[in-house]
Number of protein chains: 2
Amino acid sequence: MRTDPAGPTGLLDPLDEAILRELAVDARASFADIGSVVSLSAPAVKRRVDRLRERGVIRGFTVRLDPAALGWETEAYVELFCSGSTSPVVMRTAVERFPEVISASTVTGDVDLLIHLRARDMRHLERVIERLNAEAFVARTRSTIVLSALVRRPDVQGSPEP
Amino acid sequence: MRTDPAGPTGLLDPLDEAILRELAVDARASFADIGSVVSLSAPAVKRRVDRLRERGVIRGFTVRLDPAALGWETEAYVELFCSGSTSPVVMRTAVERFPEVISASTVTGDVDLLIHLRARDMRHLERVIERLNAEAFVARTRSTIVLSALVRRPDVQGSPEP
DNA sequence: GATGAAACACCTAAGCC
DNA sequence: GGCTTAGGTGTTTCATC
């Protein structure tokens, strides 16, 4: 078995890190191209990528889209205050039905659920907020509209485990 | 020039939409595989993908990583209240230096800057918040820690235009 | 203007050392 | 981890509609 220099902490081999950096920049890069950057042969890169997928470090590969080019011009955070003690499963099921939702998390503090979403325009956003407010478990909402995006970096894109 | 069924609104051809859906699920899928789903030949798919890249709809392809598997277990939102009228450029420059920051946006409301970040653990998060607080233009911060991620969907991953 | 078939170069994947 | 090879893929060209 291969010695894992990362150990149980989840830290990675420097070569694995370099490979992930290249894949983050261009996930369709060939193993040979990645290999020439990290000084490894193509098969060696493939083996490491396969292993990273097996380990669950790599969840998959996806396309980076420009939402504005697709007509999604409005971005907002909507905080949900829930009535009584609503279970996370109920929240998740309800919120998942909205294609506008990018992420939804239960959080510490007054707010029960923090939602990050995109809408085509303000009119669309208004309708989404109304529909969120209409959910049975939602007591009230508080919205914050994004004025300008200063930093945008890659983040996890896989669905959370059930 | 090609007739754009999308028009100036930014909406897409149904075939382009289908191709983007496939790429969102697996950005390393072969053009032939995508073609068999959308009923197009591999060259036709490639030409459409090339055109989507030229148009800026596709910004690139990236890897989806599991932060927990990489040792990033803590996720939080930090709201920054800025002293006086700090320019967005100053905010951006300062915040960009933090590798922990996933996104930073100027927003409506009391808060001046909303930051989404990941840290290895609570101790790490605490240090990041301290460092953010130490920035010259930061009056105070308010933090919200993510308890559990209910929904996580792909979002833009390209850097915002300067 | 867009598509599909074919040709070639390149890459992936699975075997070897 | 590198090398080799067989099969698959990306990319270009060309004819067709």
Side-chain angles (χ1 to χ4, degrees), chain A residues 1-8 10-66 69-71 157-158, chain B residues 1-66 69-70 157-158:
Chain A
M1 189 195 141
R2 168 175 169 265
T3 314
D4 189 356
L11 295 172
L12 290 176
D13 191 88
L15 277 168
D16 286 338
E17 279 183 23
I19 290 169
L20 292 182
R21 261 195 304 276
E22 294 304 311
L23 286 174
V25 172
D26 180 12
R28 283 187 77 94
S30 73
F31 295 141
D33 283 348
I34 296 170
S36 71
V37 175
V38 304
S39 303
L40 235 53
S41 68
V45 174
K46 180 197 163 7
R47 278 190 290 259
R48 281 174 175 267
V49 170
D50 287 346
R51 206 180 302 130
L52 288 167
R53 295 198 71 153
E54 281 163 25
R55 277 207 275 162
V57 177
I58 293 178
R59 288 189 170 174
F61 303 95
T62 194
V63 61
R64 297 192 289 115
L65 298 173
D66 178 8
L70 288 160
Q157 302 206 333
Chain B
M1 189 194 141
R2 169 176 168 265
T3 314
D4 189 356
T9 57
L11 296 172
L12 290 175
D13 189 272
L15 278 170
D16 286 338
E17 279 182 23
I19 291 169
L20 292 181
R21 262 195 303 275
E22 295 305 312
L23 286 174
V25 173
D26 180 11
R28 282 186 79 95
S30 73
F31 293 142
D33 284 350
I34 297 170
S36 71
V37 175
V38 305
S39 303
L40 235 53
S41 68
V45 173
K46 179 193 161 15
R47 278 189 291 263
R48 281 174 177 268
V49 170
D50 286 346
R51 202 183 308 127
L52 288 167
R53 295 199 71 153
E54 282 163 24
R55 279 206 275 163
V57 175
I58 292 177
R59 287 188 171 176
F61 303 95
T62 195
V63 60
R64 297 193 289 114
L65 299 172
D66 178 7
L70 288 160
Q157 301 206 337

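Numbers restart at 1 for each chain; the letters A, B, ... are given by sequence-line order, proteins then strands.
- Across all strands shown, S30(A) has heavy atoms under 4.0 Å from sugar-phosphate atoms exclusively, and none from any base.
- Each of dT3(C), dT12(D), dG2(D) was ranked by its minimum atom distance to the side chain of L15(B); first place goes to dT3(C).
- What separates CZ of R53(A) from C1' of dA13(C) is a distance of 14 Å, to the nearest Å.
- Regarding D50(A), its CG atom lies at a distance of 17 Å from the P atom of dC11(C), rounded to whole Å.
- Atom-to-atom, CZ of F31(B) to C1' of dA9(C) comes out at 16 Å; the value is rounded to the nearest Å.
- At the phosphate of dG4(C), neither OP1 nor OP2 sits under 4.0 Å from any side-chain N or O atom of R47(B).
- Look at K46(A) and you'll find a side-chain N or O under 4.0 angstrom from OP1 or OP2 of dA13(C).
- Atom CD of E54(A) and atom P of dA13(C) are 13 Å apart (whole Å).
- Summarising the geometry, the separation between CD1 on I19(B) and P on dG10(D) is reported as 13 Å, rounded to the nearest angstrom.
- The CG atom of D33(A) sits 18 Å away from the P atom of dT9(D) (whole-angstrom rounding).
- Remark on DNA chain D: of its neighbouring residues V45(A) and R28(A), the 5'-side contact belongs to V45(A), judged by nearest-heavy-atom nucleotide.
- Between the P atom of dG2(D) and the CD1 atom of I34(A) lies a distance of 14 Å, rounded to the nearest Å.
- Distance from the side chain of L40(B) is smallest for dT3(C) among the nucleotides dG10(D), dA13(C), dT3(C).
- Look at R51(B) and D13(B) and you find no salt bridge, because none of the NZ, NE, NH1 or NH2 atoms lies under 4.0 Å from a carboxylate O.
- Side chain of R28(A) to backbone of G60(B): no donor-acceptor contact under 3.5 angstrom is found.
- By the 4.5 Å heavy-atom criterion applied to side chains, V57(B) and D16(B) are not counted as neighbours.
- Counting only heavy atoms from C-beta outward, the side chains of I34(B) and V49(B) never approach each other to under 4.5 Å.
- Of all heavy-atom pairs spanning R53(B) and F61(B), the tightest one is NH1-CE1, 3.3 Å.
- One interatomic measurement links the two molecules: CZ of R48(A) to P of dT12(C), which rounds to 17 Å at whole-angstrom precision.
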